[in-house]
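Predicted, not measured: the structure shown is a model, and the values here were computed from it. All ligand and atom numbering here is 1-based and tracks the order in the structure.
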Amino acid sequence: MAQYSVRRYVMCPPAHFAVEYAINPWMDTSRPVHRGRAVAQWERLRETYEALGHQVDLLEPIPGLPDMVFTANGAMVIGDRALGARFRESVREPEAPAHREFLTGLGIDVRLPQAVNEGQGDFAWTGRHILAGSGFRTSREAHVEVEQTFGVPVLALELVDPRFYHLDTALCVLDSDVIAYYPPAFSEASRRILAEGYPDAILAGDDDAQVLGLNAVSDGEHVVLAAQAEKLCARIAEAGFTPIPVDVSELLRGGGGAKCATLELHDHNRPRAHTAGPRAGAGQ
Ligand code: ARG
(Lines give C-alpha, C1' and ligand atoms only; values in the text may rest on other atoms or scores of the structure.)
Protein backbone atom coordinates (compact mmCIF):
# COMPACT_ATOMS: atom_id res chain seq x y z
CA MET A 1 0.00 0.00 0.00
CA ALA A 2 1.32 3.42 -0.91
CA GLN A 3 2.75 5.15 2.13
CA TYR A 4 3.64 8.84 2.01
CA SER A 5 6.53 10.35 3.92
CA VAL A 6 7.83 13.91 3.91
CA ARG A 7 10.97 14.30 1.83
CA ARG A 8 13.79 16.78 1.61
CA TYR A 9 15.19 17.72 -1.79
CA VAL A 10 18.02 19.86 -3.14
CA MET A 11 17.36 21.73 -6.39
CA CYS A 12 19.33 24.28 -8.38
CA PRO A 13 17.58 26.91 -10.53
CA PRO A 14 18.39 26.51 -14.25
CA ALA A 15 19.64 30.11 -14.43
CA HIS A 16 22.58 29.06 -16.64
CA PHE A 17 21.01 26.00 -18.23
CA ALA A 18 22.14 25.44 -21.84
CA VAL A 19 23.26 22.69 -24.18
CA GLU A 20 26.82 23.82 -24.86
CA TYR A 21 28.39 20.38 -25.13
CA ALA A 22 26.96 16.95 -25.90
CA ILE A 23 27.81 14.25 -23.36
CA ASN A 24 24.70 12.13 -23.89
CA PRO A 25 22.61 11.32 -26.99
CA TRP A 26 19.78 13.66 -25.95
CA MET A 27 21.97 16.76 -26.17
CA ASP A 28 22.00 18.59 -29.51
CA THR A 29 24.16 21.72 -29.40
CA SER A 30 22.64 23.00 -32.66
CA ARG A 31 19.21 23.49 -31.03
CA PRO A 32 19.33 26.28 -28.46
CA VAL A 33 17.31 25.72 -25.29
CA HIS A 34 14.55 28.09 -24.26
CA ARG A 35 15.89 29.09 -20.88
CA GLY A 36 12.79 31.02 -19.86
CA ARG A 37 10.70 27.92 -20.43
CA ALA A 38 13.20 25.78 -18.54
CA VAL A 39 13.03 28.15 -15.56
CA ALA A 40 9.21 28.16 -15.61
CA GLN A 41 9.05 24.34 -15.77
CA TRP A 42 11.60 24.04 -12.99
CA GLU A 43 9.66 26.52 -10.80
CA ARG A 44 6.55 24.45 -11.36
CA LEU A 45 8.43 21.33 -10.30
CA ARG A 46 9.64 23.01 -7.13
CA GLU A 47 6.13 24.25 -6.34
CA THR A 48 4.80 20.75 -6.95
CA TYR A 49 7.12 19.31 -4.29
CA GLU A 50 6.28 22.07 -1.84
CA ALA A 51 2.55 21.60 -2.39
CA LEU A 52 3.04 17.91 -1.55
CA GLY A 53 4.56 18.96 1.77
CA HIS A 54 8.22 18.42 0.95
CA GLN A 55 11.11 20.70 1.75
CA VAL A 56 13.22 22.06 -1.09
CA ASP A 57 16.67 23.49 -0.37
CA LEU A 58 18.27 25.56 -3.10
CA LEU A 59 21.80 25.28 -4.37
CA GLU A 60 23.18 28.50 -5.87
CA PRO A 61 23.64 28.16 -9.66
CA ILE A 62 27.18 28.88 -10.90
CA PRO A 63 27.74 30.60 -14.27
CA GLY A 64 29.53 28.37 -16.77
CA LEU A 65 28.01 25.15 -15.38
CA PRO A 66 25.01 24.59 -17.70
CA ASP A 67 24.13 21.15 -16.27
CA MET A 68 24.07 22.24 -12.64
CA VAL A 69 20.26 22.07 -12.64
CA PHE A 70 20.73 18.28 -12.56
CA THR A 71 21.43 18.15 -8.85
CA ALA A 72 20.78 14.39 -8.61
CA ASN A 73 24.32 13.88 -9.89
CA GLY A 74 25.97 15.87 -7.12
CA ALA A 75 26.13 13.20 -4.42
CA MET A 76 24.51 10.17 -2.82
CA VAL A 77 23.02 11.07 0.54
CA ILE A 78 21.46 8.86 3.20
CA GLY A 79 20.95 10.19 6.71
CA ASP A 80 23.84 12.32 7.90
CA ARG A 81 26.30 10.81 5.45
CA ALA A 82 27.11 11.41 1.79
CA LEU A 83 29.43 10.16 -0.89
CA GLY A 84 30.46 13.11 -3.04
CA ALA A 85 30.34 12.84 -6.83
CA ARG A 86 33.24 12.46 -9.20
CA PHE A 87 32.03 13.23 -12.69
CA ARG A 88 33.03 11.21 -15.74
CA GLU A 89 33.22 14.35 -17.91
CA SER A 90 35.51 17.17 -16.87
CA VAL A 91 32.94 19.79 -17.95
CA ARG A 92 30.77 18.81 -15.00
CA GLU A 93 33.48 18.21 -12.44
CA PRO A 94 33.32 21.75 -10.90
CA GLU A 95 29.77 20.93 -9.76
CA ALA A 96 31.13 18.35 -7.31
CA PRO A 97 32.80 20.73 -4.80
CA ALA A 98 29.73 23.00 -4.85
CA HIS A 99 27.62 20.05 -3.72
CA ARG A 100 30.13 18.95 -1.12
CA GLU A 101 30.26 22.40 0.44
CA PHE A 102 26.51 22.70 0.41
CA LEU A 103 25.95 19.33 2.07
CA THR A 104 28.70 19.96 4.62
CA GLY A 105 26.87 23.19 5.48
CA LEU A 106 23.78 21.11 6.28
CA GLY A 107 25.82 19.14 8.80
CA ILE A 108 26.22 16.11 6.52
CA ASP A 109 29.47 14.16 6.67
CA VAL A 110 30.63 14.08 3.03
CA ARG A 111 33.12 11.44 1.95
CA LEU A 112 35.45 12.26 -0.94
CA PRO A 113 35.12 9.78 -3.82
CA GLN A 114 38.01 7.96 -5.46
CA ALA A 115 36.21 6.36 -8.38
CA VAL A 116 33.86 8.01 -10.87
CA ASN A 117 30.29 8.20 -9.57
CA GLU A 118 27.47 10.52 -10.61
CA GLY A 119 25.52 10.42 -7.39
CA GLN A 120 21.84 9.62 -7.53
CA GLY A 121 22.03 9.49 -11.30
CA ASP A 122 23.32 5.95 -10.74
CA PHE A 123 22.52 5.21 -7.08
CA ALA A 124 18.97 4.57 -5.90
CA TRP A 125 18.14 3.92 -2.25
CA THR A 126 15.24 1.53 -1.72
CA GLY A 127 15.30 1.69 2.06
CA ARG A 128 16.93 -1.76 2.17
CA HIS A 129 19.68 -1.60 -0.38
CA ILE A 130 21.22 0.63 -3.00
CA LEU A 131 20.56 -0.17 -6.64
CA ALA A 132 23.70 0.92 -8.46
CA GLY A 133 24.09 1.49 -12.19
CA SER A 134 27.24 1.38 -14.28
CA GLY A 135 28.11 1.15 -17.94
CA PHE A 136 28.25 4.76 -19.03
CA ARG A 137 29.06 7.05 -16.10
CA THR A 138 29.48 5.56 -12.63
CA SER A 139 32.27 2.97 -12.43
CA ARG A 140 32.05 -0.46 -10.81
CA GLU A 141 34.70 0.60 -8.29
CA ALA A 142 32.30 3.27 -7.05
CA HIS A 143 29.78 0.57 -6.14
CA VAL A 144 32.27 -0.66 -3.56
CA GLU A 145 32.80 2.86 -2.27
CA VAL A 146 29.09 3.48 -1.88
CA GLU A 147 28.68 0.17 -0.07
CA GLN A 148 31.49 1.07 2.33
CA THR A 149 30.23 4.61 2.85
CA PHE A 150 26.71 3.61 3.88
CA GLY A 151 27.22 0.05 5.10
CA VAL A 152 24.22 -1.24 3.15
CA PRO A 153 24.04 -3.91 0.44
CA VAL A 154 24.47 -2.80 -3.15
CA LEU A 155 22.80 -4.44 -6.11
CA ALA A 156 24.90 -3.78 -9.20
CA LEU A 157 23.09 -3.22 -12.49
CA GLU A 158 24.61 -2.75 -15.91
CA LEU A 159 23.21 -0.25 -18.38
CA VAL A 160 23.63 -1.04 -22.08
CA ASP A 161 21.73 1.60 -24.07
CA PRO A 162 23.47 5.00 -24.36
CA ARG A 163 20.14 6.86 -24.26
CA PHE A 164 19.71 5.49 -20.74
CA TYR A 165 23.16 6.42 -19.51
CA HIS A 166 22.22 6.90 -15.86
CA LEU A 167 20.24 4.41 -13.77
CA ASP A 168 17.63 7.08 -13.01
CA THR A 169 16.78 7.38 -16.70
CA ALA A 170 15.64 3.74 -16.77
CA LEU A 171 14.54 2.86 -13.24
CA CYS A 172 12.59 4.49 -10.47
CA VAL A 173 12.03 3.39 -6.87
CA LEU A 174 8.38 4.00 -5.96
CA ASP A 175 8.59 2.62 -2.43
CA SER A 176 10.68 0.05 -0.57
CA ASP A 177 9.02 -2.82 -2.46
CA VAL A 178 7.96 -1.40 -5.80
CA ILE A 179 10.11 -0.21 -8.65
CA ALA A 180 9.40 0.70 -12.26
CA TYR A 181 11.96 0.13 -14.99
CA TYR A 182 12.63 -0.26 -18.68
CA PRO A 183 14.11 -3.73 -19.28
CA PRO A 184 15.90 -3.05 -22.62
CA ALA A 185 18.14 -0.49 -20.87
CA PHE A 186 19.78 -3.32 -18.88
CA SER A 187 22.09 -6.22 -19.69
CA GLU A 188 20.64 -9.73 -19.72
CA ALA A 189 22.19 -10.54 -16.37
CA SER A 190 20.83 -7.34 -14.79
CA ARG A 191 17.37 -8.01 -16.19
CA ARG A 192 17.41 -11.36 -14.46
CA ILE A 193 18.47 -9.78 -11.17
CA LEU A 194 15.67 -7.24 -11.44
CA ALA A 195 13.06 -9.83 -12.41
CA GLU A 196 14.00 -12.00 -9.44
CA GLY A 197 14.25 -9.21 -6.91
CA TYR A 198 11.19 -7.33 -8.11
CA PRO A 199 8.70 -9.77 -9.63
CA ASP A 200 5.89 -7.20 -9.30
CA ALA A 201 7.75 -4.31 -10.85
CA ILE A 202 6.05 -1.97 -13.27
CA LEU A 203 7.65 -2.43 -16.68
CA ALA A 204 7.75 0.66 -18.86
CA GLY A 205 7.45 0.47 -22.64
CA ASP A 206 9.46 2.23 -25.33
CA ASP A 207 7.24 5.29 -25.58
CA ASP A 208 7.31 6.02 -21.85
CA ALA A 209 11.05 5.40 -21.61
CA GLN A 210 11.74 7.66 -24.57
CA VAL A 211 10.27 10.69 -22.83
CA LEU A 212 12.32 9.78 -19.73
CA GLY A 213 9.13 8.91 -17.88
CA LEU A 214 11.14 6.76 -15.50
CA ASN A 215 13.09 9.78 -14.37
CA ALA A 216 10.48 10.13 -11.67
CA VAL A 217 10.41 11.14 -8.00
CA SER A 218 8.26 9.23 -5.52
CA ASP A 219 7.43 10.17 -1.95
CA GLY A 220 5.92 6.74 -1.36
CA GLU A 221 2.50 7.86 -2.54
CA HIS A 222 2.82 10.59 -5.18
CA VAL A 223 5.00 10.01 -8.19
CA VAL A 224 6.14 13.16 -10.00
CA LEU A 225 6.97 12.35 -13.62
CA ALA A 226 6.88 13.59 -17.21
CA ALA A 227 3.30 14.21 -18.30
CA GLN A 228 4.16 12.76 -21.71
CA ALA A 229 4.64 9.32 -20.14
CA GLU A 230 0.91 8.64 -20.29
CA LYS A 231 0.89 4.85 -20.10
CA LEU A 232 3.33 4.85 -17.24
CA CYS A 233 1.15 7.35 -15.37
CA ALA A 234 -1.79 4.97 -15.81
CA ARG A 235 0.19 1.95 -14.62
CA ILE A 236 1.50 3.82 -11.60
CA ALA A 237 -2.09 4.71 -10.72
CA GLU A 238 -3.18 1.07 -11.12
CA ALA A 239 -0.43 0.08 -8.69
CA GLY A 240 -2.00 2.34 -6.04
CA PHE A 241 0.22 5.42 -6.37
CA THR A 242 -0.86 8.90 -7.43
CA PRO A 243 0.91 10.10 -10.56
CA ILE A 244 1.64 13.84 -10.60
CA PRO A 245 2.41 14.75 -14.22
CA VAL A 246 4.76 17.68 -14.85
CA ASP A 247 6.12 19.19 -18.03
CA VAL A 248 9.92 19.05 -18.03
CA SER A 249 10.33 19.05 -21.82
CA GLU A 250 13.03 21.71 -21.78
CA LEU A 251 15.22 19.80 -19.33
CA LEU A 252 14.90 16.80 -21.63
CA ARG A 253 17.08 18.72 -24.10
CA GLY A 254 19.92 18.23 -21.65
CA GLY A 255 19.02 14.56 -21.22
CA GLY A 256 17.27 14.94 -17.89
CA GLY A 257 13.85 15.03 -16.27
CA ALA A 258 12.25 15.57 -12.87
CA LYS A 259 14.48 13.17 -10.95
CA CYS A 260 17.70 14.49 -12.51
CA ALA A 261 16.76 17.93 -11.22
CA THR A 262 16.21 16.59 -7.69
CA LEU A 263 18.76 15.39 -5.16
CA GLU A 264 17.03 13.63 -2.31
CA LEU A 265 18.46 13.88 1.17
CA HIS A 266 17.23 10.42 2.10
CA ASP A 267 16.15 9.89 5.68
CA HIS A 268 17.39 13.33 6.58
CA ASN A 269 15.43 14.81 9.43
CA ARG A 270 13.30 17.80 8.82
CA PRO A 271 15.36 20.97 9.24
CA ARG A 272 16.82 21.81 12.55
CA ALA A 273 15.82 25.25 13.80
CA HIS A 274 18.39 26.97 11.57
CA THR A 275 17.85 26.38 7.88
CA ALA A 276 21.27 25.77 6.49
CA GLY A 277 22.24 26.69 2.97
CA PRO A 278 21.10 29.49 0.69
CA ARG A 279 17.37 29.93 0.28
CA ALA A 280 17.79 32.46 -2.52
CA GLY A 281 14.57 32.98 -4.39
CA ALA A 282 12.65 30.61 -2.15
CA GLY A 283 9.88 33.18 -2.15
CA GLN A 284 8.82 32.96 1.44
N1 ARG B 1 23.43 16.68 -19.38
C2 ARG B 1 23.60 15.96 -18.15
C3 ARG B 1 24.66 14.89 -18.32
O4 ARG B 1 24.74 14.31 -19.35
C5 ARG B 1 22.29 15.38 -17.73
C6 ARG B 1 22.33 14.71 -16.40
C7 ARG B 1 21.04 14.05 -16.05
N8 ARG B 1 21.02 13.62 -14.72
C9 ARG B 1 20.55 12.43 -14.29
N10 ARG B 1 20.49 12.22 -13.03
N11 ARG B 1 20.21 11.48 -15.13
O12 ARG B 1 25.41 14.63 -17.42
Side-chain angles (χ1 to χ4, degrees), residues 9-14 16-33 35 38 41-42 45 59 61-62 64-77 82-96 98-99 116-125 130-139 142 146 157 159 161-173 180-182 185-186 204 209-218 224-226 229 246 248-266:
Y9 302 128
V10 179
M11 297 179 73
C12 178
H16 311 292
F17 177 58
V19 178
E20 292 169 359
Y21 46 76
I23 55 173
N24 70 54
W26 305 84
M27 301 173 89
D28 177 355
T29 53
S30 68
R31 289 179 60 219
V33 301
R35 192 175 291 148
Q41 292 177 346
W42 178 91
L45 180 63
L59 181 63
I62 300 175
L65 297 179
D67 273 334
M68 202 166 169
V69 62
F70 301 119
T71 52
N73 300 124
M76 175 60 174
V77 190
L83 176 64
R86 180 160 181 172
F87 287 84
R88 168 91 36 203
E89 305 288 344
S90 57
V91 281
R92 293 200 66 190
E93 188 50 28
E95 296 176 41
H99 277 269
V116 169
N117 89 71
E118 298 199 352
Q120 289 174 7
D122 280 312
F123 295 136
W125 175 230
I130 293 172
L131 303 177
S134 68
F136 296 99
R137 301 291 181 89
T138 296
S139 66
V146 82
L157 300 168
L159 297 162
D161 181 334
R163 289 171 309 160
F164 305 101
Y165 56 96
H166 277 140
L167 183 67
D168 72 358
T169 61
L171 181 148
C172 167
V173 173
Y181 67 99
Y182 177 57
F186 296 90
Q210 271 156 26
V211 292
L212 289 189
L214 288 159
N215 197 249
V217 177
S218 174
V224 177
L225 79 166
V246 289
V248 281
S249 57
E250 215 50 36
L251 294 182
L252 194 58
R253 314 268 292 270
K259 168 58 204 169
C260 297
T262 311
L263 175 72
E264 181 164 358
L265 305 183
H266 289 290

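Taking a heavy-atom cut-off of under 4.0 Å, ligand 1 is surrounded by Ile23, Asn24, Met27, Asp67, Phe70, Ala72, Asn73, Arg92, Gly121, Arg137, Tyr165, His166, Asp168, Thr169, Gly254, Gly255, Cys260.
At distances below 3.5 Å, not a single donor-acceptor pair connects side-chain atoms of Asp122 with backbone N or O atoms of Ala132. With hydrogens and angles disregarded, a donor-acceptor distance shorter than 3.5 Å links the side chain of Asn215 to the backbone of Cys260. Side-chain N or O atoms of Asn117 include one that pairs as donor or acceptor with a backbone N or O of Gly84 at under 3.5 Å. Side-chain N or O atoms of Tyr181 include none that pairs as donor or acceptor with a backbone N or O of Phe186 at under 3.5 Å.
A side chain to side chain donor-acceptor pair (under 3.5 Å) with Asn73 holds for exactly one of His99, Arg92, Gln120; it is Arg92.
Distance check, rounded to the nearest 0.5 Å: NZ of Lys259 to OG1 of Thr71 gives 7.5 Å.
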